[in-house]
Q: 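One structure is given below, represented as structure tokens, and several questions about it will come after.
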Number of protein chains: 4
Amino acid sequence: MNTGQTWTVGVTGATGYAGGEVCRLLAGHPNLRLAGVHANSSAGRRLGELQPHLLPFAEMTVQPSDAASLAGYDVVVLALPHGESAAIAAQLPAETLVIDCGADHRLQDPTAWGRWYGGEHAGSWPYGLPELPGLREQLTGARRIAVPGCYPTSVTLAMAPALAAGLVEPEVVVVAASGTSGAGKSAKPHLLGSEVMGNVSAYGVGGVHRHTPEMIQNLSQAAGSSVSVSFTPTLVPMSRGILATCSAKLQPGVDGPIDTAAARAAYAKAYADEPFVHLLPEGQWPTTAQVLGANTVALQIAVDPDAGRLVVVAAVDNLTKGTGGAALQCANLALGLPETTGLPLVGVAP
Amino acid sequence: MNTGQTWTVGVTGATGYAGGEVCRLLAGHPNLRLAGVHANSSAGRRLGELQPHLLPFAEMTVQPSDAASLAGYDVVVLALPHGESAAIAAQLPAETLVIDCGADHRLQDPTAWGRWYGGEHAGSWPYGLPELPGLREQLTGARRIAVPGCYPTSVTLAMAPALAAGLVEPEVVVVAASGTSGAGKSAKPHLLGSEVMGNVSAYGVGGVHRHTPEMIQNLSQAAGSSVSVSFTPTLVPMSRGILATCSAKLQPGVDGPIDTAAARAAYAKAYADEPFVHLLPEGQWPTTAQVLGANTVALQIAVDPDAGRLVVVAAVDNLTKGTGGAALQCANLALGLPETTGLPLVGVAP
Amino acid sequence: MNTGQTWTVGVTGATGYAGGEVCRLLAGHPNLRLAGVHANSSAGRRLGELQPHLLPFAEMTVQPSDAASLAGYDVVVLALPHGESAAIAAQLPAETLVIDCGADHRLQDPTAWGRWYGGEHAGSWPYGLPELPGLREQLTGARRIAVPGCYPTSVTLAMAPALAAGLVEPEVVVVAASGTSGAGKSAKPHLLGSEVMGNVSAYGVGGVHRHTPEMIQNLSQAAGSSVSVSFTPTLVPMSRGILATCSAKLQPGVDGPIDTAAARAAYAKAYADEPFVHLLPEGQWPTTAQVLGANTVALQIAVDPDAGRLVVVAAVDNLTKGTGGAALQCANLALGLPETTGLPLVGVAP
Amino acid sequence: MNTGQTWTVGVTGATGYAGGEVCRLLAGHPNLRLAGVHANSSAGRRLGELQPHLLPFAEMTVQPSDAASLAGYDVVVLALPHGESAAIAAQLPAETLVIDCGADHRLQDPTAWGRWYGGEHAGSWPYGLPELPGLREQLTGARRIAVPGCYPTSVTLAMAPALAAGLVEPEVVVVAASGTSGAGKSAKPHLLGSEVMGNVSAYGVGGVHRHTPEMIQNLSQAAGSSVSVSFTPTLVPMSRGILATCSAKLQPGVDGPIDTAAARAAYAKAYADEPFVHLLPEGQWPTTAQVLGANTVALQIAVDPDAGRLVVVAAVDNLTKGTGGAALQCANLALGLPETTGLPLVGVAP
């Protein structure tokens, strides 16, 4: 039951894609009210000029992005490049719910932070993936939350149950296709429409993408021991969506080879009570279109007996369940609202 | 204020694009509950197999599409090919709210019906474009409603104010770009992804598209006299959206040539109280992305003094404001709910 | 018969889209040899890094773009922003064949130049549209050639025959859909893939696009008197291609109303001997895919008797027949080669 | 040196995507002349109606597809569904060069044929991938040639050098993104533009795609022992192109761990003299756009020391090097022409 209480929300980085998605979802949330939009580079401009789709908020004026300007809200969402969130967050009141959509507070290991991002580690916050064992409890009532990266969300949800159940060896291979919005809104030649339409390309090959340590952290926790991840991201000609194809070698199995039915059972159990994770019926494979704009994850698995591998495919919208929707899902938990409040379950298709 | 009353809705043609959009929007409507999905060709199948994005409704079974099967709902939405709606509608109880997303009840003139569609004219119903003068009153409390065509929605809203204010001559030229979902879900070779991606084509050129008489009907009513429409639809590589570029020769003007400011004033007045129609600030031009999945219309106008024409550009989502959203907007009016109930105002962008 | 003589070609602006297209086509030309690539901003870099598709030229080093560096070639192609070509061209030897893909030498009227581009008019060169009466003769043996703009190419070829034959009134309405490569390779936020995919937008509405005076110039020459053009360009989600939908009011006709057959006859006659212009059979409408990467124009016409207008649709590839292909077609004429030498006639579809 | 000799070519399945591509490339081939187009389902129709981009061949009439109709050509290209080629080929004269773009003659192992395709095995022909050791010799002067599948072409060229050099373990994981033209031209709902645009999906997951045994055959020959392949194809929103991301666990290495430089050396050596295979400079990753419409393969490799894997990415155009271009490359070899005759090396980008 919804009590009707409302909280004010300030979003910084509101002129980018992640921040814009948070604003879009706030327009449909009954208890959270977008009270201010912030972004240093375009402070003073109409939001409608920068985010034409946010028609109900078009007349809001973009304000500066600093701790003083952000101090008065019940909830602050930080949608900033890594390295910028931590500095602002440190100055916000302890009772403010601060949700960081960036990378600053995701990694627990300072050494990993140093290797992948450089500079000083800001420490880790409760990790906003309630579908993992134990995390929902940490997020309930929390006042500092780190939203997972978009790729790690898809890969973690795809592989954690198999690793936790000991179905596969701890060497995971991931090839993920991502829409271009994952690369952000700053104008670079290789992200021009003329370059990306009709084109697929790989990037960050060979284990150099910064989301890799986050996947390793999550999957190692699920497995209870160290897991390696070979991660290759690819850029595909669409704005939104991630399709992660993940696989690992099957363990021998206690009662003979693991088949698809046995593997399905582990996933069905892991996600039985999850409102946002859908293990599709056998024979139906995930599409990014079916989750576009929705906070849902579509999953499917198959055992390949010839190659001896479990293959899991997960589809998420990188901006919704991959960022902005996850932020509001966590806000719901932190504020004591039903977890699904205000979050779309239906993708915008076709 | 929302009383919390709910009505049951049956949607037939639920496995197509228009029907699917009605279902998608019902998932977010607080007073309308999707109680049954119907479609003759796939009766007996899981809805999730045919509409993978409708995850909350995935386990519903498709039922037959006939009057008997549709008789028990408070609201019936018909999303059927033209010629099929009228036969079913005739057998539904008078107190059922019947909303026809097809063409059967849009045209008032039996001769026009005969020329463009052939066969007997089923008569006309209140026309579901509340933004036109007088129509909101007709729709309030109505039990039979004809949802406008997607192209006519964009073109009518684009040109009616100029014609009503006598700014332009009654000869309108329209070139509209449409996403492929407007052509429906039946598999034809020229609609394959391989054919439409990276490709723009014209079709129905020379005044032969069936939406033409509907535009003429609407614009002639707005002008108070007969209007001609030269309409060329084009197919562009996207799933959703219509961008209609409309123009007409400027009238001489009483106090000298009509300029952009004078024309803007007429539009600002016409749509001052409309929640779904947005005349953009000067200098900003409509994009279909800004209204994707939303029930909004984005409009902009310009006077070209050299060519002596008024140019108006309108963007709508053909499936939302162009069909399914319009259906629910009309349902809200018919049932006495606030007109905007449950309808998204924010597009899914980028 | 091909004598086998070869000429060296230097291309400046070779790292952009127009220059890249010239290089691509040179790879298939038997008599023209790409001998140097130039561009100020990236001088010193490998071409392969900047134009990954030009694999046979990948190891060429980009050289500076100035008259001294360009002086030694038989043929120089200038693919530069307007205002830059004229300065360089003025310093090149008179016997060098100089082909300007930019706007500097297209307009004959200095007043028009001043109004639309500002600054001093560099004068006009033979205009590279051999399909217009009299131009092929001017281009044969020429040493200075102005390549038409991409939009004017499509619109001029679409409407010139009707105006020349007196079929229509001299008031032309054009709405053209263009792929994003027409906007060039410099990175601007509204041209990002995330923004343009799934999106159609209008720009330069109300007669402010700089290609307008070039259309007026060409069509007025065809008509033998002043023609007005209402031109609205739109941006569609594809890299290449223009589909121009053009229309004008039909003249009364000497022997009664002009019908489609009569109009077709005028076009068939105008383009009977043109190797690159294809009037499609009745019932088939142009698509940009059918001319992708080819130097061809696909045309179709229809008379709309209700609206009293002739509608003509033309498809070109903005980079091929719209720029780089036209440049080589003109080079062939200037050098005495068969006009079609080395130019693809088949589009890359699907 | 080109002697100027010409051969006549008949293409059957000319109305499909593979057959259309063969025709497109024949338009630019100096020694091969398209003399007849065949296809049972549309015999009697104008080719231009079915393949609008083949403008120079538009007036050819489609003829029936049977051995009698195909008997008179020097070269016959079969672009037919599997199972249809073998029956026709068996009736063609031994001296006719028959090139099968379908699957009927690719697999050497009758058991594999039976398992994956069913029915009787037609036997295997010289396999049209001249870049593999020994095959160029088999193809020179051959009169029966089996063109490889599009996925196997990309995966084989990506992984064969590493397996041959013993750099990796014989367990290959492949995730490949393919444009929709790979699925052919028959109209199926899930291939509609509305479904595929803005969407990525997986299919044939778990080792069930019919190209798997062909990859296993090729890679096992390269390795000299049995190789397993875990293959997941995905469908991405573009018409043409395959990007195959392939990886395998690194062998320990004789002189310590294998690094990227050592792996690059193996590939550089394997493809040193290949005109169509391009190992890109370090730091540049393949894109499908750079090979669109060209007969080239772009390759890049990286060693991931953390995950202990070699990752290889290959881009090909599924219709060109993946089918129609490979057919003509093989025809060149079979007829004694220079291998690159008439084949584009430059992709159509952007």
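Proteins get letters first, then strands, A, B, ... in listed order; numbering begins at 1 in each.
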Q: Taking 4.5 Å as the heavy-atom cut-off, does anything in residues 283-293 of chain B contact chain C, and if so which residues?
A: W285(B), P286(B), T287(B), T288(B), A289(B), L292(B)

Q: Considering only heavy atoms, which portion of A315(C) lies under 4.5 Å from any heavy atom of chain B: side chain, backbone, both, or neither?
A: neither

Q: Out of V311(C), L243(C), V303(C), I301(C), which one racks up the most heavy-atom pairs below 4.5 Å with chain B?
A: L243(C)

Q: Side chain, backbone, both or neither: which part of S230(B) has a heavy atom under 4.5 Å from chain C?
A: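 It is both, since atoms from each part get that close.
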
Q: Would you name the heavy atoms of M238(C) and N199(B) that are closest together and state the gap between them?
A: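 Here M238(C) and N199(B) meet closest at SD-N, 3.7 Å.
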
Q: Enumerate by number any residue of residues 208-220 of chain B whose heavy atoms lie under 4.5 Å from heavy atoms of chain C; in the absence of such residues, state 'none'.
A: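 Listed by number, there are no contacting residues, so the answer is none.
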
Q: Pick one of side chain, backbone, both or neither for V173(C), based on which atoms fall under 4.5 Å of a heavy atom in chain B.
A: side chain

Q: Name the option with the most non-hydrogen atom pairs under 4.5 Å to chain C; the candidates are A177(B), P305(B), S228(B), G198(B).
A: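 Counting heavy-atom pairs under 4.5 Å, the top option is G198(B).
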
Q: Between T260(C) and chain B, with a heavy-atom cut-off of 4.5 Å, which part of the residue counts as in contact: side chain, backbone, both or neither?
A: neither

Q: Would you mind telling me which of T245(C), V313(C), V236(C) has the largest number of heavy-atom pairs within less than 4.5 Å of chain B?
A: T245(C)

Q: Counting heavy-atom pairs under 4.5 Å to chain B, which of G207(C), S201(C), G179(C) comes out on top?
A: S201(C)

Q: How would you list all residue pairs meeting side-chain hydrogen bond (donor to acceptor under 3.5 Å, both in side chains) that involve residues 294-316 of chain B, not counting sequence neighbours?
A: S247(B)-R309(B), R264(B)-Q300(B), N295(B)-Q329(B), D306(B)-R115(C)

Q: How about residues 182-195 of chain C versus chain B: which residues have heavy atoms under 4.5 Å apart?
A: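 Listed by number: S194(C), E195(C).
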
